[in-house]
Amino acid sequence: MYMCVCMCMYPCLFILNLMIVIKQWCVHDIKIAAWLLNPEKVPETLADVKQIFPLDQVTDPGDACKVSSKISSLENLENFYSVIKDQLKEQNLFSLFINVEVKLIPVLSVMELRGIKVNKNTFLEEKKILQERIQQVEKEAYKVAGRKFSINSHPQLRQVLFDELKLDSKLQKITLTTVNNLKSTCEAVLEALKDYHPLPQLILEYRHLVKVKSTYVDGLITHIQNGLLCTTWDQTAAVTGRLSSANPNLQAIPKLPVCLTKSENQSGTAKRPEQKVLRIRDPFISQEGWSLLAADFQQIELRILAHFCHDEKLINAFRGPNHSDIFIQLTSLWLKKPLEYITSVEREKTKRVVYSVMYGVGKVRLASYLSIPENEAGTVIENFLNRFPGIKQFTKKCITECKKTGYVCSLLKRRRVLPHLNSMNHVLQMQAERQAINFLIQGSAADICKSAMVEVENEIAAHTNLHARLLVQLHDELLWEVPDIELEATKCLVKKVMEDTGRLLNQQVILEVPITVSLSVGKTWGGMTSLPP
DNA sequence: CGTAACGTGGTGAGG
DNA sequence: TCCTCACCACGT
């Protein structure tokens with residue numbers, strides 16, 4: 001094993017560009033180390049590092065040079081690293097750095113080099129279908145507006161909607177644009193107006209389709225090279241420790257099919273003719289003789305919440321033989337109804353309440369999710385928290401602890417400093433409290449998911465008969481390309497490693513709840529079929 | 001005066 | 001009112 005200290009993973013790894021070499025290198029990246037010490041402020045150059053960590057004992061690295069391209073600053077790197085390493089150790093971050101972040105670098109670089117196979121023709125077909133539908137909607141819009149106008153222009157639309165059709169008279173209050181105090185043509189206004197005239201609905205539809213086409217069809221096509229889409233993984237972009245993907249962002253490809261036909265009012269749903277839909281993930285495919293394998297941590301954030309809460313009811317819901325649909329069980333506990341009488345509506349409602357509590361989403365947002373008055377949403381949250389007292393106690397205790405130290409720590413000791421926890425400004429303080437809870441859950445989930453990537457990759461590499469290639473990470477889901485004949489063996493391996501929480505947490509923490517993984521397989525990303533547990 | 005370059009707010013995809 | 005990234009229109 002070679003060791004190398006560097007700044008910014010990309011140049012170092014891509015100059016080498018030989019996977020075998022990369023795999024043998026242990027890259028102690030100062031940028032990542034600095035990000036662990038303070039995820040809010042990521043240095044791009046050694047000069048930035050110097051500014052963030054004024055280190056007198058280190059010799060001057062010179063002016064703001066792009067370190068990546070300067071071999072002459074290698075000595076300074078060593079000096080910086082020795083100081084930063086001490087800080088990592090002081091703050092209990094060294095283990096996370098060495099055991100997770102550093103080991104992840106070669107995994108990510110190999111993923112970047114590899115890319116994911118796509119069928120360009122499928123993209124082009126989607127493009128054509130969207131193009132036609134957009135023109136259709138546009139034409140229809142001009143018809144109901146009574147004249148042609150520039151549909152993309154907010155000022156012109158404003159003129160048509162409010163000066164000509166006088167639609168603002170239907171509303172008691174109209175939102176004004178923040179900049180010029182003009183009548184807004186924003187989503188919410190159009191939504192409120194759509195019952196009075198067909199134009200707003202058509203504009204909404206038009207904007208949606210244009211967005212889908214430009215972002216997920218045209219946008220992705222421009223990134224195709226040799227039939228592959230290669231993203232850039234950024235290890236230091238997210239304060240919570242999550243990975244992020246850019247150019248293109250493969251973590252935000254629509255999962256649900258996009259509707260092409262008019263979304264008629266749902267009331268008369270008698271035999272709806274076949275809905276025309278577009279599955280945006282369909283062009284993503286595996287190579288000949290291979291399949292795509294996806295492994296999904298089931299409700300990982302909720303399980304982490306249960307672990308922290310020590311709430312007996314919550315924890316027990318995850319234990320036992322049948323804990324796959326946790327939300328049905330939570331609904332049952334919450335509403336005191338037998339499992340078999342729980343409707344899908346209630347289940348969905350519970351899900352939203354749970355995530356609202358977890359992410360710190362307020363009453364207003366929850367009210368809009370559930371389509372109920374605000375005060376009722378407040379009662380719903382209150383009732384839920386009373387049913388699971390552990391959640392409330394944990395939140396309180398956690399915030400009190402954080403206020404003493406000024407920072408939060410995740411399961412693997414990732415940390416985020418939140419100066420506003422003790423702010424005199426009430427708004428800022430409340431915000432910091434939500435961020436603290438959110439960091440604990442989201443950051444811990446990120447720890448587990450990153451660790452899973454490292455461990456599964458190691459395990460696959462240790463089995464020389466297996467050739468699965470990790471393609472994409474979607475926060476709580478990993479996607480591989482696997483030779484068809486190795487599918488069975490790979491499925492077992494992946495599930496075994498990902499559900500082994502002791503291994504994932506480096507034996508540092510014992511989780512109070514099991515973590516389960518669901519698998520699905522398919523020849524395209526759009527059409528994966530889930531496998532029985 | 002027209003255009004390029006950049007920043008911002010709104011929206012929406014993912015988790 | 002958690003955390004990301006991409007696109008658009010619009011203002012400077």
Side-chain angles (χ1 to χ4, degrees), chain A residues 39-40 150-158 175-180 182 184-191 203-204 206-220 222-223 231-258 280-281 296-302 304-305 352 354-369 374 377-378 381 395 408 410 416 418 427-428 430-446 448-449 472-479 525:
Chain A
E40 322 266 344
S150 183
I151 195 163
N152 289 316
S153 159
H154 289 188
Q156 288 196 36
L157 177 62
R158 182 152 38 234
T175 318
L176 299 177
T177 56
T178 44
V179 186
N180 287 336
L182 295 167
S184 174
T185 60
C186 73
E187 217 60 28
V189 171
L190 295 177
E191 199 67 38
I203 299 290
L204 287 170
Y206 176 85
R207 285 186 185 167
H208 178 232
L209 293 173
V210 165
K211 170 112 190 183
V212 167
K213 179 170 175 290
S214 63
T215 309
Y216 305 112
V217 181
D218 300 343
L220 288 175
T222 64
H223 283 98
T231 187
T232 302
W233 297 102
D234 194 334
Q235 212 169 333
T236 59
V239 286
T240 50
R242 300 219 298 198
L243 285 176
S244 89
S245 150
N247 304 307
N249 177 4
L250 294 184
Q251 291 177 317
I253 308 296
K255 186 171 189 157
L256 298 174
V258 172
I280 301 294
R281 291 184 173 187
D296 188 322
F297 283 115
Q298 295 183 310
Q299 313 102 7
I300 186 161
E301 298 192 341
L302 184 53
I304 289 168
L305 179 73
R352 291 186 174 172
V354 170
Y355 282 112
S356 298
V357 170
M358 261 165 56
Y359 290 130
V361 169
K363 284 182 275 186
V364 180
R365 186 94 146 258
L366 181 65
S368 89
Y369 284 165
E374 268 177 51
I381 290 184
T395 310
V408 219
S410 72
R416 180 176 185 186
L418 291 161
V427 177
L428 289 180
M430 298 303 284
Q431 184 178 12
E433 289 182 6
R434 287 190 302 271
Q435 286 171 331
I437 299 294
N438 186 65
F439 179 89
L440 193 56
I441 308 283
Q442 211 180 88
S444 298
I448 292 176
C449 297
V472 183
Q473 187 246 37
L474 301 129
H475 303 121
D476 62 355
E477 182 180 344
L478 297 172
L479 188 68
W525 196 18

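What's counted below: heavy atoms across the whole structure, side chains too, no hydrogens, waters or symmetry copies. Not measured: the values here are computed from a predicted model. The sequence lines fix the lettering, A, B, ..., with proteins before strands; numbering per chain opens at 1.
One interatomic measurement links the two molecules: CZ of A:Arg352 to P of C:dC2, which rounds to 18 Å at whole-angstrom precision. When the P atom of B:dG14 is taken as reference, atom CD of A:Glu301 falls 16 Å away, rounded to whole Å. Going from atom CG of A:Leu209 over to atom P of B:dA13 covers 11 Å, rounded to whole Å. Between the CD atom of A:Glu477 and the P atom of B:dG15 there is a distance of 7 Å, rounded to whole Å. The distance between atom CG of A:Leu220 and atom C1' of B:dG14, rounded to the nearest whole Å, is 13 Å. If you measure from atom CD1 of A:Ile304 to atom C1' of B:dG15, you get 13 Å, rounded to the nearest angstrom. For the pair A:Gln251 CD and B:dA13 C1', the interatomic distance rounds to 12 Å; values are reported in whole Å. A straight line from NE2 of A:His208 to C1' of C:dC8 spans 15 Å, rounded to a whole angstrom.
Residue-level contact check: A:Leu440 touches neither bases nor backbone, having no heavy atom under 4.0 Å from any strand. Residue contacts shown for A:Ile441 are absent, as no nucleic acid heavy atom lies under 4.0 Å away.
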Donor-acceptor contacts under 3.5 Å from residues 431-440 of chain A side chains, at least two apart:
| unit_1 | atom_1 | unit_2 | atom_2 | d |
| --- | --- | --- | --- | --- |
| A:Glu433 | OE2 | A:Lys403 | NZ | 2.8 |

Give me the distances for all protein-to-nucleotides 3-6 of chain C N/O pairs that come in under 3.5 Å?
| unit_1 | atom_1 | unit_2 | atom_2 | d |
| --- | --- | --- | --- | --- |
| C:dC3 | OP1 | A:Arg416 | NH1 | 2.8 |
| C:dC3 | OP1 | A:Arg416 | NH2 | 3.3 |
| C:dC3 | OP1 | A:Gln435 | NE2 | 3.1 |
| C:dT4 | OP1 | A:Val239 | N | 2.7 |
| C:dC5 | OP1 | A:Ser244 | OG | 3.3 |
| C:dC5 | O4' | A:Asn249 | ND2 | 3.0 |
| C:dA6 | OP1 | A:Asn247 | N | 2.8 |

*Starting from the C-alpha separation in whole Å, work towards a yes-or-no answer on side-chain contact (heavy atoms from CB on, under 4.5 Å) for A:Ile280 and A:Trp525.*
CA-CA 9 Å; A:Ile280 301 294; A:Trp525 196 18; over 6 Å; no
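Among residues two or more places apart in sequence or in another chain, the salt bridge (Lys or Arg N to Asp or Glu O under 4.0 Å) test is passed with A:Arg416 by A:Glu40. For the salt bridge (Lys or Arg N to Asp or Glu O under 4.0 Å) test, residues two or more places apart in sequence or in another chain that qualify with A:Lys213 are A:Asp218. In this structure A:Glu477 satisfies the salt bridge (Lys or Arg N to Asp or Glu O under 4.0 Å) test with no other residue, sequence neighbours excluded. With sequence neighbours excluded, no residue satisfies side-chain hydrogen bond (donor to acceptor under 3.5 Å, both in side chains) with A:Thr215.
Taking the nucleotide of DNA chain C with the nearest heavy atom to each of A:Val427 and A:Asp218, the more 5' of the two is matched to A:Val427.
Judged by distance alone, the side chain of A:Thr231 and the main-chain N or O of A:Asn249 form no donor-acceptor pair under 3.5 Å.
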